Amino acid sequence: MRFVSEPSVETKIHRMRERVCWQHPEILARGIDQTRLAIDDRGSAETEFTFSAIGDSGSGHKRRHNPQRRVAEQLARKSSSSRFVLHTGDVIYLVGSSEQYLENFIKPYQFLLAGDRTPEQIPYDSMVFGRPFLPVLGNHDYYDLPFLYGAIAQATWPLRWLLRFPKLDVGWHGSRQGDAYARAFLDYLKSCGSPAQLSKHLDRHYTAKTFGQRCLRYQPGEFTRIPNRYYSFHYGGIDFIALDSSTFNNPPSLPNSPEGDSQRRDLERQRQIIQHQQQKLFEAITQLDRTLPEDNGDIDDMDDIYTQLEQLEEQELDIEKQLSRTSSATVDIDQLEWLEQTLIQSWQQPGSRSRVLFFHHPPYVTEATKWHQAQTTVVRQRLRTVLDAVARATAAIRRERPVIDLVLNGHAHCFEYLRTSDTGHADSHIPWVVCGGSGFSLRRQRHEGSVLTEPDLKGNNREIARSYQFLGRSGRGSDKRKAYSFLNIAVKSGEPPSFEIRPQVVERYHHQWHHYELDPIDTKQHTSPSQIAE
């Protein structure tokens, strides 16, 4: 029996549509586009601006140092001039529970919120941002926790150990199929109650126009909701497009054939190996004193074990998705078709000079466990299908430019800057940035190195992408480093614009915190960054 559960793709889509009253007659009558918003901050027409990005941050309570709080403090200091903050998903660990928003979100990011109330006075479902905060869903924001497990999670440490998950930050329940995220960030139209109340709400907050259609007006300090789980907004001539990759990352079911049966046996063997490794790690945990002082090195050792357990848990879940014979083949076709049409429309609009995608699951990544996961492969394949279609439809307009100019992802707990080479698809020659190291347990880079390959039509491996910078967990023993991070990204004028990425690093080394930034990465030049200590 698994500790957490994840709703099916069908359930995710259905529940989220209910919450935003998707295509309600009152919405259709007004010609409202429920996938767009307009930021009303009087600066959206400027062609040069800076925005920030964080991801995989919601780590909550720690017995000792708190990486999320350290990153948040630096974000407050170093991003005061940024126009908005993007979040690449996994806002709340471990299971997206509403109970965890106070510790895991409101307290560390209070500087983003409007008003002067104390954190305890701010309901998680009534937050108003002074600076725009624009998130996407991560897998943990969808996770659920059976009530019985939640009750046990609040009990003693030995009972938690029996559940194979000693370090629990879950509360009494999970996300309720993404409901906590929806109440925190979406325009939860379902709560309007009557059609008259809904009508009044729409006439008050859906007064902006983009590309000729009415849409939600995002007003910092007044009304700061996003319209849907996937959406877009136009700022400084850039079209930012947010996706919910948790509804198109499930691998297709294995075929009922001898080849499929062989794959299932291989996956079952891999799962047994993972479970054996997990048991070894649990035995190692029991050897460590659970009441160690704050800076004792053994606590770092326990932290490393937890990180390994989390990696193994992810691998086990990926295997179970591949072994599923029921819902794993479901794909969020509507969202992918929306992405295709949104990108084509963006290319056809004279005022759109660039396109930026941000979503949770990275198609390209060299973190230790992600590249060979089935979820990574299927997200990459489905994104390629969309981008290939867009490339064909816009060939005369683009004149050899890439379909998109920048992609931001999370999920992998690190910072990474990669570029694709010629992949044979329309995702070629694009900068890909992983921003998933903003608070939760960091990961190492894979042993295979920085070059990503893929079999060509003849079965020969060829390079399709290369990593130019990786920050996460590194070193061993007393030289162990944990480099948490967020990004400040400067958008330059021109068409196409360049993006100057400034990684801001909060590193734990020798039981102390060190703050520094890396030299800026120009996406047109992909320079190799170096450290600048503060």
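This one's a predicted model, so the numbers in the text were calculated from it and none came from an experiment.
- Considering only residues two or more places apart in sequence or on other chains, Trp338 meets the ring-ring contact (aromatic ring centres under 6.0 Å, His included) condition with Tyr230.
- The shortest non-hydrogen separation linking Ser98 to Ala180 is N-CB, 3.7 Å.
- Of the N and O atoms on the side chains of Thr247 and Gln335, at least one donor lies less than 3.5 Å from an acceptor on the other residue.
- Annotation: Tyr109 is not in aromatic contact with Tyr101 [ring centroid separation under 6.0 Å not met].
- Under the 3.5 Å distance criterion, the side-chain polar atoms of Ser80 are left unmatched by any main-chain donor or acceptor of Ala76.
- Nearest heavy-atom pair across Pro220 and Pro132 is CG-CG, 3.8 Å.
- No side-chain donor-acceptor contact under 3.5 Å links Thr35 and Asn228.
- Classified by interplanar angle (parallel below 30°, tilted 30° to 60°, perpendicular above 60°), the ring pair Phe133/Phe105 is perpendicular.
- If you check the side chains of Ser245 and Asn249, you find no donor sitting under 3.5 Å from an acceptor.
- In this structure, the side chain of Ser421 engages the main chain of Glu463 through a donor-acceptor pair within 3.5 Å.
- Cation-pi geometry between Arg419 and Trp432 is not met: the NZ or CZ atom fails to fall both under 6.0 Å from the ring centre and inside 45° of the normal.
- Side-chain atoms of Asp141 come within 3.5 Å of backbone N or O of Val91 as a donor-acceptor pair.
- For the residue pair Ser175 / Gln177, no side-chain donor-acceptor distance below 3.5 Å is found, with atom types taken as modelled.
- For Arg380 and Trp371, the positive end sits near the middle of the six-membered ring, less than 6.0 Å away and at most 45° from its axis.
- Checking side-chain atoms of Arg353 against main-chain N and O of Gly494 turns up a donor-acceptor pair under 3.5 Å.
- Both the sub-6.0 Å distance and the 45° axial angle are satisfied by Arg481 relative to the ring of Tyr509.
- Geometrically, Lys12 engages Tyr142 in a cation-pi contact, judged by NZ or CZ lying under 6.0 Å from the ring centre and within 45° of the ring axis.
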Where do Val505 and Glu517 land on the side-chain contact (heavy atoms from CB on, under 4.5 Å) test, with the steps shown first? CA-CA 6 Å; Val505 184; Glu517 66 178 32; over 6 Å; no

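- Taking a cutoff of 4.0 Å between a charged side-chain nitrogen and a carboxylate oxygen, Arg183 and Asp179 qualify as a salt bridge.
- The aromatic rings of Phe233 and Phe84 sit perpendicular, their planes meeting at an angle over 60°, well past the 30° parallel limit.
- Closest heavy-atom contact between Asp90 and Asn139: OD1-N, 3.1 Å.
- In terms of modelled atom types and a separation under 3.5 Å, the side chain of Gln373 and the main chain of Gln375 share no donor-acceptor contact.
- Every side chain to side chain contact (heavy atoms under 4.5 Å, CB included) that Ala242 has, sequence neighbours left out, goes to Val136, Tyr231, Phe358.
- Side chains of Thr88 and Asn409: no donor on one and acceptor on the other come within 3.5 Å.
- Leu387 contributes atom CG, which lies 7.0 Å from atom CG of Leu357 (distance to the nearest 0.5 angstrom).
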Could you walk me through whether Ile241 and Leu343 pass side-chain contact (heavy atoms from CB on, under 4.5 Å), step by step? CA-CA 9 Å; Ile241 302 171; Leu343 284 169; 3.6 Å; yes

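- Judged by distance alone, the side chains of Arg15 and Thr11 never bring a donor and an acceptor atom under 3.5 Å apart.
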Assess whether side-chain contact (heavy atoms from CB on, under 4.5 Å) is satisfied between Leu134 and Phe240, documenting all intermediate values. CA-CA 10 Å; Leu134 302 154; Phe240 291 86; over 6 Å; no

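- The line from CG of Leu383 to CG of Leu243 is 7.5 Å long, rounded to the nearest 0.5 Å.
- Although no hydrogens or angles enter the test, the distance criterion places a donor-acceptor pair under 3.5 Å between the side chain of Arg382 and the main chain of Phe248.
- Between the side chain of Thr420 and the backbone N or O of Ala465 there is no donor-acceptor pair closer than 3.5 Å.
- Relative orientation of the Tyr235 and Phe49 rings is perpendicular, given thresholds of 30° and 60° on the angle between their planes.
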Criterion side-chain contact (heavy atoms from CB on, under 4.5 Å) on Phe499 and Ser354, from CA distance to verdict: CA-CA 10 Å; Phe499 297 86; Ser354 183; 3.6 Å; yes

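- With no hydrogens or angles considered, a side-chain donor-acceptor pair links Arg131 and Ser82 at under 3.5 Å.
- Closest of all the heavy-atom pairs between Ser467 and Gln445 is OG-NE2, 3.9 Å.
- Shortest non-hydrogen contact noted between Pro455 and Asn461 is N-OD1, 3.5 Å.
- Side-chain N or O atoms of Thr376 include one that pairs as donor or acceptor with a backbone N or O of Lys370 at under 3.5 Å.
- Of all heavy-atom pairs between Tyr417 and Asp522, the closest is OH-O, 4.4 Å.
- Judged by distance alone, the side chain of Ser428 and the main-chain N or O of His425 form a donor-acceptor pair under 3.5 Å.
- For the residue pair Asn488 / Thr50, no side-chain donor-acceptor distance below 3.5 Å is found, with atom types taken as modelled.
- No donor-acceptor pair under 3.5 Å is formed between the side chain of Ser346 and the backbone N or O of Asp239.
- Phe415 and Tyr484 have their aromatic ring centers separated by at least 6.0 angstrom.
- Separating the CG atom in Leu418 from the CG atom in Leu452 is a distance of 6.5 Å, to the nearest 0.5 Å.
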